[in-house]
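Heads up, the thing below is written out as structure tokens.
Not measured: the values here are computed from a predicted model. Counting starts at 1 for both ligands and their atoms, in listed order.
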Amino acid sequence: MNENLYAILAEGFPADPDAPCLLLGDGRVWSYGDLVHASARIAHLLVELGLVPGDRVVAQVEKSPEALLLYLACLRAGVVFVPLNPAYQRHELAHFIADAAPRLVVCRPQLRPLLEQLLEPFAGERPRLLELDDAGHGSLIDAAAPHGDAFATVARRAQDLACILYTSGTTGRSKGAMLSHGNLAANARVLHAYWRFQPGDVLLHALPIFHVHGLFVASHCALLNGSAMLFEPKFDARRVLQLLPRATVFMGVPTYYTRLLALPEFERAACARMRLFISGSAPLAPETFAEFRQRSGHTILERYGMSEGGMFTSNPYEGERRPGTVGFPLPGTELRIVDEGGEPVAGGAVGGIEVRGANVFAGYWRLPDKTAEEFRPGGWFKTGDLGKIDAEGYVAIVGRSKDLIISGGLNIYPKEIEEVIDALPGVLESAVVGVPDADFGEAVTAVVVRQTNAAGLDEAAVIAALAASLARFKLPKRVVFAAELPRNAMGKVQKNLLRDNLSKP
Ligand code: AMP
């Protein structure tokens with residue numbers, strides 16, 4: 001049996017090749033037949049260029065149907081797909097290209113001069129460079145056009161490498177997570193079933209496709225279901241509001257939900273056909289969960305996962321979706337909470353989250369030592385997240401272990417303090433970090449974003465208000481105010497940037 005992920009996804013493609021797959025904003029439609037034929041042409045091109053299974057293709061392009069086709073073509077040819085965030089600049093690109101050692105790089109035309117420079121050190125084995133612009137045109141498509149539209153998908157085993165996803169690196173240098181065909185197929189099948197994908201579903205796809213959320217979770221569920229996707233180049237709240245009446249499923253990061261709620265026109269009528277709203281990649285605030293329920297009549301389903309294995313937990317499809325939690329371990333994923341020595345903690349206590357299962361990645365690309373450090377005997381992967389499990393089995397994320405603050409020898413979880421600060425009148429949001437301190441080791445420091453009408457809220461007022469509900473050792477030594485919190489493309493607060501700025505003398 002061919003365990004190539006493409007072959008598995010294709011089992012779900014509709015029998016009718018004219019069935020719609022990608023519905024674009026300008027009215028163009030890519031049918032499933034178009035998808036199969038166009039990905040075949042690109043797969044032939046990859047073979048013609050001399051790429052063999054296991055070779056890498058780095059793609060730094062904007063979201064377009066052709067970018068998705070390039071991904072599918074790589075799967076079909078057994079070539080390893082390495083997507084990069086288009087926001088990355090010279091310094092980051094230099095690292096990724098040297099690390100991935102690709103045979104082919106696909107870039108936006110405007111970046112060609114920079115990439116040519118970055119590819120120079122490869123000398124004799126210089127990778128090929130092809131272009132794909134934001135409208136889906138370029139030398140990649142031109143070179144693929146003359147090829148045949150039938151391609152026999154290369155046989156792969158479950159353990160063969162399909163993709164390398166570079167982690168977002170909010171807590172250190174970006175590492176390449178190696179995901180096999182089997183890892184991706186296992187997660188796709190589980191999510192498709194757990195979230196009850198069904199005939200007639202239409203996915204509103206507004207996520208980027210260089211990341212696990214948009215590329216794997218969203219696209220795989222839709223493809224495996226043979227569903228149409230309203231395929232948007234980026235998230236735009238007004239545009240999403242317009243499209244919602246045509247969709248049944250939406251997946252977003254929490255920021256998408258707060259932006260939708262900021263539109264006064266967002267209300268129940270727009271969601272009449274919707275079946276499911278899913279959130280993840282960053283914590284969904286319980287206030288957003290509640291307001292969304294009240295305004296739309298829908299209960300957001302929050303799930304948790306990461307580049308290193310796709311999704312690990314999900315709130316239930318049927319049954320209570322509990323705010324502030326990420327639900328239960330998914331079928332096929334085992335999850336445990338452990339202390340620093342790797343011993344499971346007693347009921348409800350906070351500890352490190354560890355997972356294992358068919359979806360969990362094989363390790364970090366060319367980093368065997370780092371890989372060995374992050375796995376325990378028995379195949380348990382240390383996610384680097386801290387969490388707890390309540391009596392009914394719901395998992396809650398408390399934060400990244402690297403964000404844990406140790407002040408005066410005591411452990412302090414930033415989330416606990418952030419929740420109290422966020423509930424204060426006049427506060428929009430906050431982030432709490434540890435800043436090096438000669439006396440305490442680390443000093444609790446709060447960065448607070450005020451609401452527009454709360455200019456009077458100052459450091460003393462915040463600390464006084466916190467003193468009423470938190471132990472003294474948890475109180476911030478400093479409160480600074482900011483216009484906004486730094487966030488990456490997936491809506492995660494970049495605490496490393498806050499720490500760096502606050503640590504400057
Ligand atoms: P990435 O690999 O970029 O998807 O980042 C994965 C990290 O995002 C996880 O390790 C968590 O720290 C965080 N994350 C993902 N989903 C959630 C969630 N629902 N709640 C809180 N944090 C989340």
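- At a heavy-atom cutoff of 4.0 Å, ligand 1 is contacted by no atom of H213, backbone or side chain.
- Residue contacts with ligand 1: R400 is placed with a nitrogen or oxygen under 3.5 Å of a nitrogen or oxygen of the ligand (distance criterion only).
- For E318 and R196, the salt-bridge test passes: some basic side-chain N is under 4.0 Å from an acidic carboxylate O.
- For the pair S307 and ligand 1, the shortest N or O to N or O distance falls below 3.5 Å.
- Of the polar atoms of H211, at least one N or O is found under 3.5 Å from an N or O of ligand 1, judged by distance alone.
- Salt bridge annotation for E302-R321: absent, with no cationic side-chain nitrogen under 4.0 angstrom from a carboxylate oxygen.
- Counting heavy atoms under 4.0 Å from ligand 1, residue M490 does not touch it at all.
- Neither the backbone nor the side chain of T167 has any atom closer than 4.0 Å to an atom of ligand 1 (non-hydrogen atoms only).
- Y394 and N315 form no side-chain donor-acceptor contact under 3.5 Å, judged by distance and modelled atom types alone.
- Here P233 pairs with nothing under the side-chain contact (heavy atoms from CB on, under 4.5 Å) rule; sequence neighbours left out.
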N/O donor-acceptor pairs under 3.5 Å from side chains in residues 185-192, not counting sequence neighbours:
from, atom 1, to, atom 2, distance (Å)
N187, OD1, M311, N, 2.7
N187, ND2, M311, O, 3.0
H192, NE2, N225, OD1, 2.9

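- Residue contacts with ligand 1, taken as heavy atom pairs separated by less than 4.0 Å, involve S281 solely via the backbone atoms N, CA, C and O.
- The atoms of ligand 1 that sit less than 4.0 Å from any heavy atom of V212 are 4 (O).
- At least one N/O-N/O distance between K492 and ligand 1 falls below 3.5 Å.
- Residue-level proximity to ligand 1 for A282 is carried by the backbone, the only part with a heavy atom below 4.0 angstrom.
- Within ligand 1, the atoms closer than 4.0 Å to a non-hydrogen atom of E302 are 18 (C), 19 (N), 20 (N), numbered from 1 in the order shown.
- Under 4.0 Å is where a charged nitrogen must lie from a carboxylate oxygen, and between D236 and R259 no such pair does.
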Item to check | Check against side chain to side chain donor-acceptor pair (under 3.5 Å), T313 and R303 | outcome: CA-CA 6 Å; T313 74; R303 93 297 178 280; over 6 Å; no
